[in-house]
Chemist: 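Can you read through this structure? Questions will come right after.
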Amino acid sequence: MPPMPGKTLYDKIWDAHVVAEQDGEAILYIDLHLIHEVTTPQAFAGLRANRRAVRRPDRTLAVADHNIPTEGQGLGVDAVADDEARLQLQTLGRNVEDYGIEYFQMGDIRNGIVHVVGPEQGRTQPGMTIVCGDSHTSTHGAFGALAHGIGTSEVEHVLATQTLRQKKAKNFRIRIEGEPAPGVGAKDYALAIIGEIGTAGGTGYVIEYAGSAVRALSMEGRMTLCNLTIEGGARAGLVAPDETTFEYLKGRPSTPKGGAWEMALGYWKSFFSDDDAVFDREIVLDAAKIAPTVTWGTSPEDVVAVTGAVPAPESFATPDKRASAERALGYMGLTAGQPITEAKIDVVFIGSCTNSRIEDLRAAAKVAAKALEGGRKVADGVRAMVVPGSGLVRAQAEEEGLDAVFRTAGFEWREPGCSMCLAMNPDKLEPGQRCASTSNRNFEGRQGRGGRTHLMSPAMAAAAAIAGHIADVRDFL
Amino acid sequence: MEAFTRLDAAAAPLPLANIDTDQIIPKQFLKIVDRKGLAKGLFYDLRFDDDGRERPDFVLNQPTYKGAGVLIAGDNFGCGSSREHAPWALMDFGIKAVVSTSFADIFYNNCFQNGLLPVVLKADEVRQLMDEARGGNHVVSIDLEAQTVTSPSGAVFGFQIDPQRKAKMLKGLDAIGETLEAAKDIDTYEMKRALAQPWLEGA
């Protein structure tokens, strides 16, 4: 009998969570269920209608992030001006109380963007299965956890059963090897990958990121990379846990302590792809060849190096893509052939589950501090806002004096939340405004009706704020 | 969930690639606590201008396509956010099936939770359906049992679908009820896990 081929990291997590198989579908156990105000009201209503309980309230954590204002959070939910947002927040408050679920309310220092809070609290751990009614749940894959977004019907399913019905995806490995140029990091890797494979390139796969450049990333960088995996269409992104992971987790509020830590560590270390594991698809990127990258269009695959120019619609292969590019140029108010650095910026948004962690804020603050040394501030007419990912990130940044740097340089220093990434709260673009944004989606209207989004790294966004147009961060270091 | 067996309905062509869920239902419509009433927000920015007037050039605003039950769209339909409001809005508007060359994973999955049928056809078949839907006769027939789409001119295209998903769609089955039949297996799994990973208990 031939020897069994090795298993991938994804295979191992999958196998460890199969509860049963029914009609060719696996019932997969879910270790951690994160919930928020926007995608859960209908799920709880469904539970009530069917008189079902929440199976594991202790494996469920609620936050308020999508539609909360980024100022005046201390006034509480009843002071939220938007009637519909307030009702959603009150509904979540009532649901978690009725079902005994832990909830970090708006204004609690532990509250923030769900994908910042989970890792920060040490809830996110290697080898886990994690779901949330939010597509950027892929973020948690940075810890070697199988994590992905689900719809509201599935939120209800997980609440009721602590499982999810799933068909297994295929294995895709992306290796990034070598040393990046200064000013290039995880956001640039992610945008370069989506540019390469396209927004549907990962459909049907779980992507494992590997290679020396991925190993060299901090947990924050790995989270950015895994966060953007969904923009490439894959179900989830993964990075095998290593010392960087364990170092990050140690001492967090919800990680095991003492003897239990040692026991957990032993378990976590079993989660890696075997040397002889077979991947259905594999690509390799050279980190040294990736430039600071921005988007020019209305899909995350519309990427260009900051040194490049806006592409011509004729350069696309299919009629649909040409039509989409034509439409994107019109929407974005750009001309084919124009250097991307000519794009003048009205608003800068530094935040979102992609880039609102302490390392992101440090990178942006470094650019701002350098500008201040040269007597420069946020360019005239530009509104620049920094929205930390959680109350704890905000506090840490303040302890390090980053808020002072930002404020002095002319940036607004806001309270945590999803904010202008999806503009469900009062932070939104006006029609025609152009935004340098560290978020994850440049879709039409995403940051406000008629708003024009260019995705980029925190350092690049800070550089754009100072220059008043898209700029190469390498000129600011 | 509504069952889906067979559909004969007008089809509206929407020949754009990467139509994301923000376009299907923009965020201002997500602040609701129930599933109904989302039709008003469907494709809001494509359907209405800045003053809230219907854009006459948008396909679903054209008299010919009012009441369309099928949408024929470009590649990678439903990418982006996990919002189930996207299938809810399509259903609330009267769309019961979407035909494309490909769908984003979460959207595809969400469709099956709600009885909205996503049909994957080959690029040339989607193109032919779009071309025909632009002509005088727009009625497309979708037979889930037979796994076929019949174009207005009578061309028949077969499509693939996961047999379990098909069976549930045909009957309109509730997934939670089905999973709870395996409640004993879940109990057993949890007991084993509590022993192997005690640090996850009582957190």
Side-chain angles (χ1 to χ4, degrees), chain A residues 19-20 22-25 27 29 31 38-39 41-42 45 50 52 58 67 82 84-85 87-88 91 133-135 149-154 156-157 160-163 165 167 199-200 203-204 233 235 254 256 260 263-264 267 299 320-321 323-324 327 422-424 431 441 443-446 449-450, chain B residues 1 15-18 20 22-23 26-28 30-35 44-45 50 74-76 79-85 87 102-107 109-110 113-114 123 162-164 167 174-183 185-186 188-190 193 196-203:
Chain A
V19 169
Q22 259 182 1
D23 306 329
E25 256 182 340
I27 299 177
Y29 195 78
D31 293 318
V38 174
T39 57
Q42 297 86 354
N50 293 293
R52 285 172 176 149
D58 62 321
N67 65 27
D82 179 334
E84 290 178 310
L87 176 61
Q88 268 191 339
T91 303
D134 185 275
S135 59
I150 55 177
T152 299
S153 295
E154 289 181 322
E156 185 181 337
H157 190 281
T161 68
Q162 202 59 29
T163 67
R165 306 180 71 89
K167 287 237 157 174
T199 47
T203 304
R235 186 177 295 168
S254 296
M263 190 178 180
Y267 176 71
S299 166
D320 282 2
K321 293 251 179 199
S324 296
R327 185 182 166 87
L422 83 167
M424 274 191 81
R441 291 194 174 127
F443 297 159
E444 284 185 25
R446 170 81 178 181
R449 192 164 205 220
Chain B
M1 189 181 91
L16 286 171
N18 295 326
D20 55 74
D22 274 84
Q23 284 184 73
K27 68 249 175 193
Q28 64 268 33
L30 307 187
K31 293 185 222 171
I32 56 161
V33 292
D34 53 39
R35 295 172 193 235
Y44 191 81
D45 291 343
D50 294 344
D75 307 343
N76 196 29
C79 59
S81 152
S82 63
R83 61 190 68 165
E84 199 164 315
H85 308 69
S102 59
F103 293 90
D105 193 49
I106 301 177
F107 175 81
N109 207 21
N110 283 340
Q113 311 288 344
N114 292 282
D162 177 77
Q164 284 78 37
D174 169 19
I176 296 179
E178 203 185 352
T179 300
L180 286 174
E181 288 174 12
D185 295 321
I186 304 174
T188 310
Y189 182 92
E190 282 185 334
R193 200 192 70 147
Q197 295 159 258
W199 62 90
L200 293 180
E201 298 302 311

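Numbered from 1 within each chain, the chains take letters A, B, ... in sequence-line order.
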Chemist: Which one of Ala264(A), Ala160(A), Ala200(A) has the most heavy-atom pairs closer than 4.5 Å to chain B?
Modeler: Ala264(A)

Chemist: Side chain, backbone, both or neither: which part of Thr152(A) has a non-hydrogen atom closer than 4.5 Å to chain B?
Modeler: both

Chemist: So which of Glu84(A), Gln88(A), Gln22(A), Lys321(A) has the biggest tally of heavy-atom pairs under 4.5 Å with chain B?
Modeler: Gln88(A)

Chemist: Taking all atoms of both residues into account, what is the closest heavy-atom pair of Asn67(A) and Lys31(B), and its distance?
Modeler: ND2-CG, 4.4 Å

Chemist: State, yes or no, whether a side-chain contact exists between Thr161(A) and Ile186(B) at a heavy-atom distance under 4.5 Å.
Modeler: yes

Chemist: Nearest 0.5 Å, please: how far is CZ in Arg327(A) from CG in Leu16(B)?
Modeler: 5.5 Å

Chemist: If we define contacts as heavy-atom pairs under 4.5 Å, which of Gln113(B), Glu181(B), Arg193(B) has the most with chain A?
Modeler: Arg193(B)

Chemist: For the pair Lys27(B) (side chain) and Gly445(A) (backbone), establish whether a donor and an acceptor sit closer than 3.5 Å, ignoring hydrogens and angles.
Modeler: yes

Chemist: With no hydrogens and no angle check, is any side-chain donor or acceptor of Asn110(B) less than 3.5 Å from a backbone partner on Ser82(B)?
Modeler: yes

Chemist: For the CD atom of Glu84(B) and the CZ atom of Phe107(B), what is their distance to the nearest 0.5 Å?
Modeler: 10.5 Å

Chemist: Could you report the tightest heavy-atom contact between Val33(B) and Gln42(A), atom names first, then the distance?
Modeler: C-NE2, 3.7 Å

Chemist: Tell me, do Ile176(B) and Asn50(A) make a side-chain contact under 4.5 Å, heavy atoms counted?
Modeler: no

Chemist: Please look at Asn114(B) and chain A and tell me whether the side chain, the backbone, both or neither of the residue comes under 4.5 angstrom of a heavy atom of that chain.
Modeler: side chain

Chemist: Side chain, backbone, both or neither: which part of Asp45(B) has an atom under 4.5 Å from a heavy atom of chain A?
Modeler: both

Chemist: What residue, out of Asp185(B), Asp20(B), Ile32(B), has the most heavy-atom pairs lying under 4.5 Å from chain A?
Modeler: Asp20(B)

Chemist: Looking at CG of Asp105(B) and SG of Cys79(B), how far apart are the two atoms once the value is rounded to the nearest 0.5 Å?
Modeler: 12.0 Å

Chemist: Looking at Gly24(A), Ser153(A), Ala85(A), Pro41(A), which makes the most heavy-atom pairs under 4.5 Å with chain B?
Modeler: Ser153(A)

Chemist: For Phe443(A), is it the side chain, the backbone, both, or neither that has a heavy atom closer than 4.5 Å to a heavy atom of chain B?
Modeler: both

Chemist: Under a 4.5 Å heavy-atom cutoff, which of Pro163(B), Ala175(B), Ala196(B) has the most pairs with chain A?
Modeler: Ala175(B)

Chemist: Go through Gly74(B), Gly80(B), Ala123(B) and name the one with the most non-hydrogen pairs under 4.5 angstrom from chain A.
Modeler: Gly80(B)

Chemist: Give the member of Glu154(A), Gln162(A), Glu25(A) that has the highest number of heavy-atom pairs under 4.5 Å with chain B.
Modeler: Glu154(A)

Chemist: In Å, rounded to the nearest 0.5 Å, how long is the span from CD1 of Ile106(B) to CZ of Arg83(B)?
Modeler: 11.5 Å

Chemist: Does any backbone or side-chain atom of Phe103(B) lie under 4.5 Å from a heavy atom of chain A? Answer side chain, backbone, both or neither.
Modeler: backbone

Chemist: Is it the side chain or the backbone of Arg165(A) that comes within 4.5 Å of chain B heavy atoms, both, or neither?
Modeler: side chain

Chemist: Of all heavy-atom pairs between Ser81(B) and Ser135(A), which one has the smallest distance, and what is that distance?
Modeler: CA-OG, 3.7 Å

Chemist: Could you tell me which portion of Asp174(B) (side chain, backbone, both or neither) has an atom closer than 4.5 angstrom to a non-hydrogen atom of chain A?
Modeler: side chain

Chemist: Looking at CG of Asn18(B) and CG of Asp320(A), how far apart are the two atoms once the value is rounded to the nearest 0.5 Å?
Modeler: 9.5 Å

Chemist: Please classify the contact of Asp31(A) with chain B as side chain, backbone, both or neither, using a heavy-atom distance under 4.5 Å.
Modeler: both

Chemist: Can you tell which of Leu87(A), Ile27(A), Thr203(A), Thr199(A) has the highest number of heavy-atom pairs within less than 4.5 Å of chain B?
Modeler: Thr199(A)

Chemist: Side chain, backbone, both or neither: which part of Glu178(B) has a non-hydrogen atom closer than 4.5 Å to chain A?
Modeler: both

Chemist: Count the heavy-atom pairs under 4.5 Å between each of His157(A), Arg446(A), Arg449(A) and chain B, then report the option with the highest count.
Modeler: Arg449(A)

Chemist: At a heavy-atom separation under 4.5 Å, does Arg441(A) approach chain B through its side chain, its backbone, both, or neither?
Modeler: side chain

